[in-house]
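Both counts, for ligands and for their atoms, begin at 1 and track the order of listing. Atoms considered below: every heavy atom in the structure, side chains included; atoms not considered: hydrogens, waters and symmetry mates.
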Amino acid sequence: MKIKVLGAGGGEVTGSAYLVETDNARVLVDCGIFQGSKKVEAMNRFDLKDVSGLDAVLITHAHLDHTGRLPLLSKMRVPSPVFCTQATLELTALILRDSAHIQEQETMHLNRKRQRAGIKPLQPMVSHDDTEDIIKRFIALPYDRDLPVARGIKASFAEAGHMLGSTCIQLSIEEKGQVKKVVFSGDLGPKGAPILKDFEELHLADAVFMETTYGDREHKPLDETISEFISIVRTAAENKGKILIPTFAVGRAQLMISILASMFRVKHVPPFPIFLDSPMAIDASKIYMSHKELYDEELLEFIREKPMMEDLKTLKICPTAEDSIAINNVPGPMMVLAGAGMCNAGRILHHLKYNLWKPETHVVIVGYQGSGTLGRKLVDGAKQVRIFGDDIAVKATIHTLGGFSAHAGQKDLLDWFSHLAPARPKLVLIHGENGPRTIIGAKIKELYGIEANYPELNEEIIF
Ligand SMILES: [Zn+2]
């Protein structure tokens with residue numbers, strides 16, 4: 001058996017894709033997009049020899065860096081089924097459709113410029129049709145069942161605690177009369193995060209492919225971050241301020257809403273209007289609400305006591321642009337949750353344009369802000385920013401909360417591996433920059449005497 005690293009290797013954090021090849025079958029685990037610089041994004045392709053004759057694709061979770069190249073398989077006429085959990089199926093369909101729409105819009109915009117310059121038009125990487133075609137081939141599998149996915153290969157999906165539907169995938173691979181187990185961690189969540197159950201402990205593996213995104217550091221404790229958030233919201237609401245939260249539509253938006261619901265229930269602050277101003281976050285929230293079987297015990301207890309919507313009577317959803325514009329006339333205290341999470345596009349830009357120059361506005365940054373984004377400029381203390389061609393003074397208070405990560409820090413990564421270490425697996429560290437992955441690799445060697453492998457992109461690991 002061999003496993004080829006087709007993404008998230010060689011110090012890359014994005015583009016997760018691992019090709020498992022036996023004498024009898026070829027299976028791809030994850031099919032993610034590379035994100036970042038133009039050079040990195042140019043790697044968003046597959047060689048036909050790697051994906052032709054694929055028997056199955058298995059998806060750990062819905063994030064684009066684990067699913068974004070799926071429509072390419074349709075484009076390349078690779079007709080394999082795609083297995084994942086039901087929640088991942090629903091969230092991936094939402095995320096892929098949104099991504100195809102953005103790609104088509106961006107290409108159209110570029111092509112208008114190219115046409116004016118007399119240059120040949122570009123095609124988007126994937127089309128709406130490629131996306132719909134691959135979504136039709138999704139098959140949902142339950143958690144924790146060893147089910148056949150290709151000749152001689154069974155897969156079991158275990159909770160990863162990273163986002164709704166997220167999993168670690170454990171493959172049982174039969175070859176030459178022997179069964180070997182290979183575990184792919186996917187992305188692991190931090191223990192104790194609201195809404196989701198913690199990652200499941202796995203014990204059996206001949207080989208482990210483990211993510212190392214935060215292999216070198218700890219996050220600030222989540223309960224401290226939540227307390228900080230509560231105190232910011234309380235002060236802002238008491239001063240009748242407008243609170244703007246740029247947020248990612250899937251995961252982060254639902255986390256913020258669940259924290260607000262519990263704030264209202266325990267009367268940390270009287271309920272005030274909250275606007276969920278993102279069609280995608282509204283759709284993702286519906287998916288989150290329809291999968292109560294994936295909630296942790298704390299949230300189940302909370303909703304058994306009283307339905308969450310009773311705490312959220314002041315939550316208003318804003319599917320249309322008109323709904324969004326109407327928010328401008330609502331006085332504080334109020335809160336707007338809108339995308340994009342890094343303030344580089346989306347409806348949050350309109351709210352920032354109308355409110356950043358007012359001292360009574362609070363902007364709460366709850367996610368990572370990439371360099372060069374408007375969000376990063378605000379975090380770095382810019383006194384003036386440019387939005388839709390206008391210079392806007394920053395008079396609002398900008399709060400940055402760094403502790404809301406959906407990723408396990410070093411301690412939780414080591415905890416996850418500690419249950420597998422007694423099986424003495426071959427350890428392959430992936431999905432991390434070279435700094436973090438070598439730091440956690442050294443830590444694992446010190447603790448268990450297991451020497452890690454650090455594969456490059458396109459490297460083949462033979463078992
Ligand atoms: Zn992820």
Side-chain angles (χ1 to χ4, degrees), residues 5-9 11-18 28-36 40 44 57-70 82-96 98-99 143 157-169 183-191 193-200 209-215 217 219 222 247-255 280-281 284 287-288 291 294 339-342 366-370 403-410 412-413 416 429-433 436-437 440:
V5 176
L6 299 180
E12 275 302 324
V13 183
T14 59
S16 278
Y18 308 97
L28 189 65
V29 177
D30 278 343
C31 193
I33 207 167
F34 287 98
Q35 294 164 315
V40 169
N44 281 319
V57 182
L58 308 171
I59 295 295
T60 58
H61 66 286
H63 283 145
L64 267 185
D65 61 327
H66 294 254
T67 59
R69 275 190 283 172
L70 279 170
V82 180
F83 296 101
C84 57
T85 62
Q86 178 62 34
T88 295
L89 185 158
E90 292 167 28
L91 287 171
T92 304
L94 177 69
I95 289 173
L96 288 183
D98 180 68
S99 166
Y143 277 85
F157 292 82
E159 178 60 64
H162 169 65
M163 75 184 298
L164 196 82
S166 68
T167 58
C168 305
I169 296 179
V183 170
F184 291 87
S185 71
D187 285 357
L188 295 162
K191 287 181 101 170
I195 303 180
L196 304 171
K197 291 178 206 162
D198 287 352
F199 56 70
E200 206 176 310
F209 281 67
M210 178 178 160
E211 71 116 330
T212 55
T213 321
Y214 292 103
R217 71 196 98 148
H219 303 300
L222 191 65
T247 178
F248 297 102
V250 183
R252 198 57 47 89
Q254 293 72 37
L255 172 66
M280 193 170 167
I287 298 173
Y288 266 71
H291 285 284
L294 299 177
M342 295 192 199
V366 295
Y368 173 75
Q369 306 296 312
F404 284 123
S405 182
H407 277 273
Q410 190 192 62
D412 289 337
L413 288 173
W416 181 81
L429 297 182
I430 36 120
H431 201 293
E433 288 174 11
R437 70 172 179 162
I440 196 160

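- Taking the N/O/S atoms of D187 in turn, the shortest distance to the Zn ion (ligand 1) belongs to OD2.
- Expressed to the nearest 0.5 Å, how far CG of D187 lies from OG1 of T213 amounts to 5.5 Å.
- Distances from the Zn ion (ligand 1) to each N, O or S atom of H63 single out ND1 as the nearest.
- In plain terms, the two heavy atoms of A17 and C31 that are nearest each other are CB-CA, 4.3 Å.
- G367 and R252 get closest at one heavy-atom pair: CA-NH1, 3.5 Å.
- The Zn ion (ligand 1) has no N, O or S atom of H66 under 2.8 Å away, backbone or side chain.
- Closest to the Zn ion (ligand 1) among the N, O or S atoms of H61 is NE2.
- H66 and H61 have tilted rings, their planes meeting at an angle from 30° to 60° on a 0 to 90° scale.
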